[in-house]
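Notes for the one structure printed next.
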Protein chains: 4
Amino acid sequence: MSGNSKKTTVSPSPERRRELLSTAAEVFAAQGYNATTVRRIADEAGMLAGSLYYHFDSKESMVDEILSTFLDELWAGYDEVLRAGLGPRETIEALVTESFREIDRHRAAVAIYQKESRQLAALPRFGYLTDSQRRFEGAWLGTLERGVADGVFRADLDTRLAYRFLRDTVWVAASWYRPGGQHSPEEIARQYVSMVLDGITPRD
Amino acid sequence: MSGNSKKTTVSPSPERRRELLSTAAEVFAAQGYNATTVRRIADEAGMLAGSLYYHFDSKESMVDEILSTFLDELWAGYDEVLRAGLGPRETIEALVTESFREIDRHRAAVAIYQKESRQLAALPRFGYLTDSQRRFEGAWLGTLERGVADGVFRADLDTRLAYRFLRDTVWVAASWYRPGGQHSPEEIARQYVSMVLDGITPRD
Amino acid sequence: MSGNSKKTTVSPSPERRRELLSTAAEVFAAQGYNATTVRRIADEAGMLAGSLYYHFDSKESMVDEILSTFLDELWAGYDEVLRAGLGPRETIEALVTESFREIDRHRAAVAIYQKESRQLAALPRFGYLTDSQRRFEGAWLGTLERGVADGVFRADLDTRLAYRFLRDTVWVAASWYRPGGQHSPEEIARQYVSMVLDGITPRD
Amino acid sequence: MSGNSKKTTVSPSPERRRELLSTAAEVFAAQGYNATTVRRIADEAGMLAGSLYYHFDSKESMVDEILSTFLDELWAGYDEVLRAGLGPRETIEALVTESFREIDRHRAAVAIYQKESRQLAALPRFGYLTDSQRRFEGAWLGTLERGVADGVFRADLDTRLAYRFLRDTVWVAASWYRPGGQHSPEEIARQYVSMVLDGITPRD
DNA sequence: TATGAATGAGCGTTCATTCAT
DNA sequence: TATGAATGAACGCTCATTCAT
């Protein structure tokens with residue numbers, strides 16, 4: 001599990017907590033973590049800055065909880081896919097689909113993860129970000145390599161390069177994706193997979 | 001042309017200026033614009049914070065000059081490609097190649113652009129960021145649409161989606177690309193174009 | 001009314017605000033606005049510099065509130081005098097008396113007004129200083145001219161010169177006046193009026 | 001003599017020095033001593049800020065030289081008047097006239113003296129400001145008292161109050177007086193003396 | 001639970017001053 | 001004589017955080 005076990009000031013009402021975290025996540029995603037003031041979050045939540053400290057230890061612990069909650073859920077989905085024993089092509093399809101579903105559910109958290117994780121990972125408490133990225137790389141890169149070995153992906157594929165492109169396009173989508181738009185996550189995933197697997201030029 | 005015409009303290013030694021901007025760009029790219037203190041830049045440049053203000057008006061004007069210099073050069077390259085009258089496929093190839101060349105030359109500037117342009121664009125002086133993005137969309141999206149019309153790209157392609165994927169993967173590469181690595185920009189561009197155009201599954 | 005309507009951090013305890021403004025006014029008057037540091041004001045108030053910003057937006061907004069409060073009260077008094085329909089001599093007497101009463105009540109504010117208003121008036125937010133000065137001139141100069149026309153002031157009087165002398169002596173008194181001294185404001189006003197109206201040489 | 005004897009960096013060209021001091025005096029008078037940057041003075045003089053330090057030790061030494069030069073000249077004039085053995089009324093007339101002549105010649109210096117002398121007097125090197133003020137008070141106050149004793153001024157005159165009014169109105173005139181205007185210094189002095197001695201109401 | 005008021009560290013910036021050239 | 005470049009101290013201000021109520 002991601003995040004810190006020494007759970008902070010556990011407020012008696014976990015719903016209020018979740019509301020506040022959701023508010024914080026939106027502001028972090030929109031303004032960036034550093035540029036977001038704790039006062040701004042409090043404003044948005046209809047309280048004073050100091051009052052947030054009844055619910056959370058610090059601004060850092062807010063973003064910590066946002067990211068670790070998201071990653072926990074992400075890995076629940078990924079692990080299910082990886083345990084299913086699918087072929088390389090189907091695994092890629094399933095991982096992409098799962099990723100877009102997470103973006104749909106945790107858009108703000110994904111955007112924060114995308115923009116801030118490199119900075120945050122330098123802090124000890126965010127060590128799980130680095131761990132997660134390692135597992136992430138293992139899952140995607142492994143699948144690509146298995147696909148090349150099995151002949152379902154092109155033999156001349158630079159798998160490390162392909163991994164980076166896959167990873168980046170999937171997550172960066174959080175910066176423009178708007179839930180409730182005209183495309184469902186599954187539809188976007190389908191189109192995306194089609195581009196990546198078959199290219200944008202016609203196959204006759 | 002991008003950037004502000006009322007150029008600040010135009011010191012008669014533009015070399016020092018360029019050195020300092022290069023230093024600043026590295027720090028901005030590594031730490032983020034907001035998280036970068038002017039003292040940190042000065043440290044890195046071997047001077048005191050106040051001394052930077054002999055050369056620049058403000059922290060903002062530093063990032064302004066970094067970004068506008070980069071965009072001016074980028075558009076010089078893009079415009080040449082667009083004026084060449086190539087077919088859609090060849091245009092995409094040339095734009096991608098040109099982009100990776102810019103990443104190679106202005107890695108830090110591209111990383112800053114990628115991470116900060118949305119925030120900065122809110123400030124009047126950075127209006128050219130929005131202008132640039134509009135032109136950018138015009139160039140890529142137009143080429144994709146022309147390709148679909150000409151039948152050189154798949155008829156079922158969602159061009160807006162494809163544009164976003166192309167744009168994002170190209171620029172986000174600045175966050176992992178290291179100049180002087182084992183792949184030249186042209187080599188990376190070639191592999192990337194191959195993936196995007198033909199997909200990662202074999203065409204027999 | 002003077003001052004800015006978009007009142008800043010309107011804290012629900014206007015007493016603390018008034019205390020702090022009073023402290024600030026004393027320091028401004030003693031050291032000059034520019035030479036006064038916000039740290040000095042905070043010291044005098046027994047707090048840290050940053051803490052002042054809980055109560056006020058800026059150093060500028062402090063002097064703004066000091067001056068506009070003073071001018072509002074001044075004009076309340078002046079308007080009453082001007083509406084009373086007195087003769088020119090009695091109007092001058094009443095305006096002088098009212099002025100010394102204001103000096104007695106707002107010595108620091110008057111001293112600041114005297115020393116800094118020309119500089120501050122250049123800033124948009126202090127436009128009311130210029131307005132006030134115009135009304136001021138209208139009231140005094142008008143009364144002097146009426147007095148000359150009515151024959152109660154000397155026919156050879158240069159009214160513009162006389163206005164300047166009156167204005168200057170009245171307000172500059174704030175720089176030496178000490179409340180609680182041996183002369184009441186009314187007593188000083190009486191002596192001053194006597195000098196101005198009848199001169200310092202004996203009338204037999 | 002006022003000013004400091006340990007004369008600073010004596011530049012070989014005293015004319016350039018005087019030009020620079022004149023420039024500095026104008027800026028000090030217009031913006032206030034504290035608010036005036038050394039860079040602004042240099043701009044006005046067509047040089048760089050650092051270059052001023054070839055001519056002067058410091059910003060302080062500039063204002064020092066401006067004020068002491070003015071006071072030396074003022075006292076030359078005053079002393080001549082005081083040595084002339086005039087009656088009280090004629091002495092007042094002569095002092096006022098001499099004062100307006102100084103304002104005419106040294107408008108900027110007088111304005112600086114008026115606005116800044118209280119602050120500057122706190123610094124050791126400006127001790128002569130306090131001395132000068134003492135002599136000043138002696139001259140004016142003594143004349144007024146002699147006049148009351150001789151019966152040429154009103155017996156009920158509060159001489160200290162009268163002194164302050166005289167002093168303030170004379171000097172504060174520097175803030176509105178413009179050399180080359182429609183009134184000569186002597187004409188202004190005549191009108192002013194007439195007001196002060198005979199009042200503004202008619203003497204039949 | 002939340003507020004009002006304060007802390008203290010640090011930030012971007014200014015500016016008088018220095019000095020090698 | 002003047003410049004270009006830098007210093008270093010201080011300034012106005014911001015902000016995460018604390019805490020008595």
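Chain naming here is simple, since letters A, B, ... match the order of the sequence lines and numbering starts at 1 in each.
In this structure, C:L52 places its CG atom 14 Å from C1' of F:dC11, rounding to the nearest Å. Distance NZ (B:K59) to P (F:dC13): 18 Å, rounded to an integer number of Å. One atom, CG of D:D57, and another, C1' of E:dT17, lie 11 Å apart when rounded to the nearest Å. Atom CG of A:L48 is separated from atom P of F:dC19 by 18 Å (rounded to the nearest Å). Spacing between atom CD1 of C:I41 and atom P of F:dC13 amounts to 10 Å, rounded to whole angstrom units. Across the protein-nucleic acid pair, A:F56 atom CZ and F:dT17 atom P stand 13 Å apart, rounded to whole Å. The interatomic distance linking C:E15 (CD) with E:dA5 (P) rounds to 10 Å, in whole Å. Regarding C:D43, its CG atom lies at a distance of 12 Å from the P atom of F:dG12, rounded to whole Å.
The phosphate of F:dA5 has neither OP1 nor OP2 within less than 4.0 Å of any side-chain N or O from B:S51. Residue C:Y53 places no side-chain N or O under 4.0 Å from the OP1 or OP2 atom of F:dT14. Contact check, C:Y54 against E:dA5: a side-chain N or O comes under 4.0 Å of OP1 or OP2. The side chain of C:H55 places an N or O atom within less than 4.0 Å of a non-bridging phosphate oxygen (OP1 or OP2) of E:dA6. Contact annotation: D:R16 reaches the phosphate of F:dA2 (side-chain N/O to OP1 or OP2, under 4.0 Å).
Exactly one of B:D64, B:T130, B:L129 qualifies for a side chain to side chain contact (heavy atoms under 4.5 Å, CB included) with B:L120. That residue is B:L129.
Figure legend. E:dT17 is base-paired to F:dA6; pairs are counted as Watson-Crick or G-U wobble with both atom distances under 3.5 Å.
As judged by a 4.0 angstrom heavy-atom cut-off over every strand, D:V38 is placed among the base-contacting residues.
B:F28 does not carry B:K115 over the face of its six-membered ring by the limits of under 6.0 Å from the centre and within 45° of the normal. Geometric assessment of C:K59 against the ring of C:Y33 yields a positive cation-pi assignment under the 6.0 Å and 45° thresholds.
Salt bridge status for D:R18 with D:E15: absent, with no side-chain N to carboxylate O gap under 4.0 Å.
Between the side chain of B:R39 and the base of E:dG10, no donor-acceptor pair of N or O atoms lies under 3.5 Å.
Using atom P as the reference point in both F:dT21 and E:dT1, the two lie 22 Å apart (nearest Å).
Looking at C:E116 and C:V63, their side chains never come closer than 4.5 Å, going by heavy atoms from C-beta outward.
Mapping A:G50 and A:A35 onto DNA chain F by nearest heavy atom places A:A35 closer to the 5' end of the strand. Judged by closest nucleotide on DNA chain E, C:M47 is the one of B:A49 and C:M47 placed further toward the 5' end.
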